[in-house]
Amino acid sequence: MREPISRTETAGLPLNVLVVEDEALIAMELRARLSRLGHRVVGVADTGREAIELARIEKPQLVLMDIHLKGDMSGIEAASAINRNGEVPIIYLTAHSDAATVSRAKQTSPFGYLLKPLDERELLIAIEVATQRSRLEQRLRDGERRYAATLASIGDGVVATDVNGMVTFLNPVAEELTGWTLAEAFGVPVEQVLTFIDDVANTALENPLQRALREGETRYLKGETSLMTRNRQLIPIDDSSAPIRDDDGHIVGAVLAFRDARQRRLSENALRIATDQLNRSQRLESLGRLAGGIAHDFNNLLTIINGYSQLLLTEHPLDATQRELVDAILDAGDRAAKLTQQLLAFGKGQLIRAERIRLNDVLSQTHNLLRRLIGEDIRIDLVLSEKVGEIFADPTQVEQVVMNLATNARDAMPLGGILRLESKLTRISEAAARLSPGLKPGTYAQLIVSDTGIGFSEEVQRNIFEPFFTTKSSGKGTGLGLAMVYGIVKQAQGYISVSSKVGKGTRFDVLFPALKSSGDQTFASPVESRMIEEGPVTGRTVLIVEDEPAIRAYIAAVLKREGYMVLEACDGMDGLSVAEGYDSEIHLLLTDVVMPNLGGRELAEKLQTKRPALKTLFLSGYTNDKEAREGFHKGQLAFLSKPFKRNDLLQKINELFSTVH
């Protein structure tokens with residue numbers, strides 16, 4: 001007979017044990033043996049129902065359960081009730097080890113069997129084995145809970161299947177995106193739960209989980225893909241699928257992780273649009289500089305052509321044939337001058353006189369003109385917001401913008417339609433401004449010109465503001481109208497965009513910076529002038545500084561005929577030298593703005609330090625001089641835009657000399 005096992009021979013921590021045994025002597029023996037092993041018996045029950053109640057109250061860490069109990073409940077049934085969650089290890093006690101009993105007991109996942117009569121060492125071993133197994137299974141359950149909690153907390157949807165493609169798991173994100181719950185989808189073929197659509201071809205794709213099961217490799221859906229939800233809505237997604245393998249490498253299922261790609265696609269689309277707009281803006285800026293440079297040179301040539309043509313007509317006797325020829329030259333020069341002005345407007349190089357104006361007033365006045373210009377088969381709707389106040393711009397140019405956009409709309413509605421002119425006050429946030437290169441955050445007076453015409457493609461939209469780009473047939477337009485609109489808006493520190501669909505009409509949105517109040521900015525007021533009496537100008541000296549010899553000669557010829565004393569210089573440095581060598585008073589400096597060595601503005605500043613009474617008239621068709629442009633823009637500097645004619649020059653000089661101080 002073996003000696004009883006002492007407590008020092010036992011391993012592990014003491015346990016709270018529930019004994020369920022209907023033989024009182026065996027129950028007493030078990031209590032004594034458990035005590036010797038260092039464990040605490042929290043209760044002894046002799047029926048299944050009593051065992052269930054004691055287990056509920058005492059929360060034992062181990063149950064020794066007799067399989068055959070008196071009463072209407074067997075030990076197997078009691079064990080099943082006590083251990084529903086598999087967290088309480090149960091060791092069966094039995095004197096019968098027949099196959100049927102063992103088979104029934106297996107269904108309750110017992111942690112061991114002990115045959116009566118009990119051997120204390122076998123009891124020790126059974127308890128240790130049960131304890132270790134319970135700890136391992138508890139770790140496994142804890143791991144599964146952490147795994148489930150992790151899958152529930154991540155932002156991706158997760159779906160798993162068994163080896164046959166039946167759904168075994170959906171996390172909450174997957175439930176939300178698919179419209180299926182785990183309870184509904186469990187055991188359902190995965191192709192019934194998940195349907196994937198190729199967005200480009202608009203066709204169903206093979207389920208990636210089935211492919212992972214078949215090929216045993218991680219797979220990704222290619223291109224633009226959407227998930228069709230249970231209610232047949234399409235959600236753009238990104239996904240990957242992979243097989244699940246056991247320890248031997250056999251495929252036992254597959255798992256799919258996918259995420260809602262709607263926000264990503266919106267961001268990518270916004271980035272693509274912004275990048276496209278930036279590229280377009282940079283291209284237009286480059287074209288604008290080129291256009292401005294070309295227009296500058298042409299304006300010099302046209303000043304000579306138009307100026308001398310007018311001199312021929314006014315100061316030389318010509319017969320009818322000669323006059324007709326010169327008239328043709330002058331007419332061509334005038335039309336060429338208009339083209340260069342359009343090029344300058346596109347290149348933001350046009351010199352303008354801006355003032356405070358109400359956008360609604362311009363729209364109302366233009367609306368009356370449009371009624372006569374637009375055909376009767378086109379309805380014109382004017383919708384003006386009272387919130388729209390003043391802007392700072394050249395009123396003539398704003399009218400040009402409206403007229404140009406309106407005539408383009410008319411041409412897009414050959415069978416009639418609706419032209420809508422609308423104003424509103426708009427606030428552009430920093431986030432919105434970042435999506436549109438060239439647009440700054442702030443408050444704007446918004447002009448909307450829309451039509452119900454034929455519309456145009458995205459390709460046309462990308463090129464629509466470029467000079468000489470036109471969709472009209474040869475002879476129907478120069479392609480400079482919208483380029484001019486673009487330049488006028490940009491020069492007013494504004495922003496313009498277009499949206500159109502073929503067959504759906506077109507909409508132009510123009511934003512002009514809004515002035516908050518009459519005291520928001522201060523600008524020079526228009527000068528008061530009076531016309532002096534016609535008479536000789538003997539004694540008035542004009543210094544002409546112009547680097548183009550033919551223009552300089554033309555101006556000198558006009559002024560000498562009017563009785564002015566004329567001094568000439570070929571550039572700014574030469575102008576300084578001529579002025580220093582002239583002892584008498586110089587009444588007027590007539591200078592080009594853009595010249596080599598020393599520009600016109602710098603020349604004027606230097607001369608006026610020594611000759612403070614000197615008046616200055618700037619000649620320019622285009623300039624990159626920012627300060628000079630600001631002065632012209634705000635009416636602080638007098639200028640005459642090239643090309644100009646004799647009468648334009650004389651009138652401008654007359655205005656300067658007649659200014660009341």
Side-chain angles (χ1 to χ4, degrees), residues 262 265-285 346 359 363 370 374 378-385 388 398 400-429 431-442 444-467 469-472 477 479 481-490 492 494-513:
R262 282 175 289 192
R265 290 199 190 176
L266 285 174
S267 299
E268 288 179 350
N269 189 53
L271 178 60
R272 180 187 60 78
I273 292 173
T275 301
D276 183 62
Q277 289 177 334
L278 177 60
N279 292 337
R280 187 188 315 169
S281 177
Q282 291 173 337
R283 184 175 69 250
L284 290 176
E285 289 295 322
F346 169 72
L359 178 60
L363 292 178
L370 288 174
I374 305 296
I378 295 177
R379 190 182 84 203
I380 305 175
D381 292 342
L382 184 64
V383 183
L384 304 179
S385 170
V388 177
V398 175
Q400 280 183 292
V401 168
V402 178
M403 294 293 288
N404 213 301
L405 294 178
T407 53
N408 272 276
R410 176 201 63 190
D411 295 342
M413 297 184 287
L415 301 179
I418 300 173
L419 169 63
R420 181 182 175 94
L421 305 179
E422 182 179 357
S423 73
K424 62 170 62 174
L425 195 65
T426 299
R427 174 70 186 173
I428 301 298
S429 66
R434 282 195 294 269
L435 298 177
S436 303
L439 178 60
K440 298 178 180 179
Y444 291 86
Q446 182 175 8
L447 163 65
I448 303 170
V449 181
S450 59
D451 65 62
T452 58
I454 57 177
F456 42 77
S457 66
E458 290 187 7
E459 181 181 357
V460 172
Q461 291 182 57
R462 286 193 293 270
N463 299 287
I464 197 166
F465 295 119
E466 294 184 6
F469 177 83
T470 180
T471 58
K472 299 176 182 178
L482 290 177
M484 180 184 68
V485 168
Y486 175 88
I488 290 173
V489 173
K490 289 293 185 180
Y495 184 83
I496 183 170
S497 63
V498 59
S499 59
S500 181
K501 289 186 177 180
V502 176
K504 299 292 186 180
T506 300
R507 167 172 166 157
F508 286 90
D509 287 86
V510 182
L511 301 177
F512 293 104

So which heavy atom on [X] is nearest to which on [Y], and how close?
X: A406; Y: L419; value: CB-CD2, 3.9 Å
X: P513; Y: A492; value: CD-O, 3.5 Å
X: D509; Y: I448; value: OD2-CG1, 3.5 Å
X: S457; Y: V502; value: N-CG2, 3.8 Å
X: T452; Y: G417; value: OG1-CA, 3.4 Å
X: I378; Y: G416; value: CG1-CA, 4.0 Å

Strictly distance-based, threshold 3.5 Å: is any side-chain N or O of [X] a donor or acceptor partner for the main-chain N or O of [Y]?
X: S436; Y: A433; value: no
X: S500; Y: F456; value: yes
X: S385; Y: S423; value: no

For a 4.5 angstrom cut-off between non-hydrogen side-chain atoms, does [X] reach [Y]?
X: L384; Y: L421; answer: no
X: V485; Y: Q400; answer: no
X: K440; Y: I428; answer: no
X: R420; Y: V383; answer: yes
X: S497; Y: F508; answer: no
X: L447; Y: V398; answer: no

Quick one: pull up CG in N408 and CE in M413 and give me the separation to the nearest 0.5 Å. 10.5 Å

To the nearest 0.5 angstrom, please state how far the CD atom of E422 sits from the CG atom of L382.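 Rounded to the nearest 0.5 Å, the CD-CG separation comes out at 9.5 Å.
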
Could you go through the side-chain contact (heavy atoms from CB on, under 4.5 Å) check for Y495 and K490 one step at a time? CA-CA 6 Å; Y495 184 83; K490 289 293 185 180; 3.9 Å; yes

Determine, step by step, whether V401 and I496 satisfy the side-chain contact (heavy atoms from CB on, under 4.5 Å) criterion, reporting the C-alpha distance in whole Å, the side-chain angles of both residues, the deciding distance to 0.1 Å, and the verdict. CA-CA 11 Å; V401 168; I496 183 170; 5.8 Å; no

